[in-house]
Structures are given as C-alpha cells and as structure tokens.
Amino acid sequence: MATITISIDGKRVPAEHNSTLLSVFREHDILVNQICGGQGMCASCHFFVVDGADALTAPTQQEKMTLQFTKIDRPGARLACQTRALGDGIVIELPAGTFVESEQDLEQEIGKKAKQTLIHPMTGEVLVEAGKLVMRSALEKMKDASSKFAANFSRK
C-alpha cells in the first residue's frame, strides 16, 4: 500500500493512503479526543486544514451535519474520524488548548487562571482562553452548549 506524508503542527509523519486522520493521530501518539468513538457525532477530533485539502476525501454527510452545530470559528475545520488522506501535501493544525472532559472538571477550575485554552469537548467552542480566570459563566456556557448540541442531534 502507498505511503504518503502529512504535516501535523509542523511535524511530518508517514500515513497509509486512504487511512483516516484519526488512525494517523493514534499511530503517531498525537493526543486527540474521540468522545463519540469515531462516529462523527462530536467535534472532539477536529483539526484545521492549512493546505492540501484536495488530498483529503470530501466531507461526509455526517461530518457536515456535526460541524454545522459546532462553535468552531476557524475555517478549514474537519473531523479526523471522517477524513481520509489520499495524497501528499496535507498540512494540518490541531486546536490550541485542551478539551474539558466534564462539567465537574471545569467546576474544579473556577477561580483559577486557565493554564491552557479550555475547549468544549463536543462543540469545539472556546470556553476560557489561556491565562484568563475560569468563572462560573464558563460552566454555564459549557452546560448551555452541551444541551443545545444534544437537542440538535436528538432531532436528526
């Protein structure tokens, strides 16, 4: 099987032709969330295409639907579980920051400064920027985003 090269946050890694980006991340120990287990139902494995979009598969219907409900405000967002690498020249970046695992984890950080940008685990929405104080409003923002996200998927 043909091998291609992908640049991830400046690091060049080999990948098998037609492999999902999620499998490439796993193979090279690049930490990325996969809350829905790679089903394309959340945005926790999202990344950003910087170059080489034509060397990736087109977005799936599931991917389009999921990204439609996210708060990711940067162009070029794709889901690693739904995207396959087809050729060389792919340059991608991972979201800067860390995904909040649960509302309880965020609640424990209230009153402290965020060491990294805190990101909603399903929608990709920035909850608190690095260096900013984690406030109760961030927890409310997380709860609100979670309930809206869940409501959108229950209607599908």
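The model shown is predicted, which means the values in this text are computed figures rather than measured ones. For reference, positions follow the sequence shown, starting with 1.
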Notebook entry, point to check: Rounded to the nearest 0.5 Å, how far apart are CZ of Arg84 and CG of Asn18?
Noted result: 5.0 Å

Note to self: Distance check, rounded to the nearest 0.5 Å: Glu107 atom CD versus Leu139 atom CG?
What the structure shows: 5.5 Å

Check: If only atom types and distance count, is the side chain of Thr83 paired as donor or acceptor with the main-chain N or O of Ala80 below 3.5 Å?
Finding: no

Margin query: Minimum heavy-atom separation for Leu22 and Cys45, please, with both atom names.
Written below: CD1-CB, 4.4 Å

Note to self: Distance check, rounded to the nearest 0.5 Å: Asp105 atom CG versus Met142 atom CE?
What the structure shows: 8.0 Å

Checklist line | Between CD1 on residue Ile6 and CZ on residue Phe25, distance to nearest 0.5 Å | finding: 8.0 Å

Checklist line | Residues Glu27 and Ser23: side-chain donor-acceptor under 3.5 angstrom | finding: no

Next item on the list: Answer yes or no: are there more than 12 heavy-atom neighbours, outside Arg74 itself, under 6.0 Å from its atom CZ?
Entry: yes

Checklist line | Over all atoms of both residues, closest heavy-atom pair of Cys81 and Gly40 | finding: SG-N, 3.4 Å

Note to self: Applying the side-chain contact (heavy atoms from CB on, under 4.5 Å) criterion to Arg78, which one of Ile92, Leu56, Leu21 satisfies it?
What the structure shows: Leu56

Next item on the list: Taking Thr117 for its side chain and Ala130 for its backbone only, find out whether a donor-acceptor pair lies under 3.5 Å.
Entry: yes

Note to self: Minimum heavy-atom separation for Ala77 and Leu67, please, with both atom names.
What the structure shows: O-CD1, 3.4 Å

Margin query: Who clusters with Val50? Use side-chain heavy atoms, under 4.5 angstrom, across I, L, V, M, F, W and Y, and order the result by chain and number.
Written below: Val91

Check: Can you tell me how far NE2 of His17 sits from CG of Leu86, rounded to the nearest 0.5 angstrom?
Finding: 5.5 Å

Checklist line | Straight-line distance of Ile119 CD1 to Ile72 CD1, nearest 0.5 Å | finding: 9.0 Å

Next item on the list: Look at atom CD of Glu103 and say whether more than 12 heavy atoms of other residues, nucleotides or ligands are closer to it than 6.0 Å.
Entry: yes

Check: For Ile4 and Ala85, which heavy atoms make the closest approach, and how far apart are they?
Finding: CD1-CB, 3.4 Å

Margin query: Using a 3.5 Å distance criterion without hydrogens, assess whether the side chain of His28 forms a donor-acceptor pair with backbone atoms of Arg12.
Written below: no

Next item on the list: Provide the full list of side-chain hydrogen bond (donor to acceptor under 3.5 Å, both in side chains) pairs with a residue in residues 35-60, sequence neighbours left out, each pair given once.
Entry: Thr60-Gln82

Notebook entry, point to check: What are the two closest non-hydrogen atoms of Ala15 and Val24, and how far apart are they?
Noted result: CB-CG2, 3.5 Å

Next item on the list: State, yes or no, whether a side-chain contact exists between Ile8 and Phe47 at a heavy-atom distance under 4.5 Å.
Entry: no

Next item on the list: Flag yes if Leu133 and Leu118 sit in one hydrophobic cluster, no otherwise; membership is Ile, Leu, Val, Met, Phe, Trp, Tyr, and two members link when side-chain heavy atoms are under 4.5 Å apart.
Entry: no

Next item on the list: Keeping the roles fixed (side chain from Glu125, backbone from His120), state whether a donor-acceptor pair exists under 3.5 Å.
Entry: no

Margin query: Hydrophobic clusters here meaning ILVMFWY residues chained together by side-chain heavy-atom distances under 4.5 Å, can you tell me if Val128 and Val126 are in one?
Written below: no

Notebook entry, point to check: Does Thr5 have any side-chain hydrogen bond (donor to acceptor under 3.5 Å, both in side chains) partners at least two apart in sequence or in another chain, and if so, which?
Noted result: none

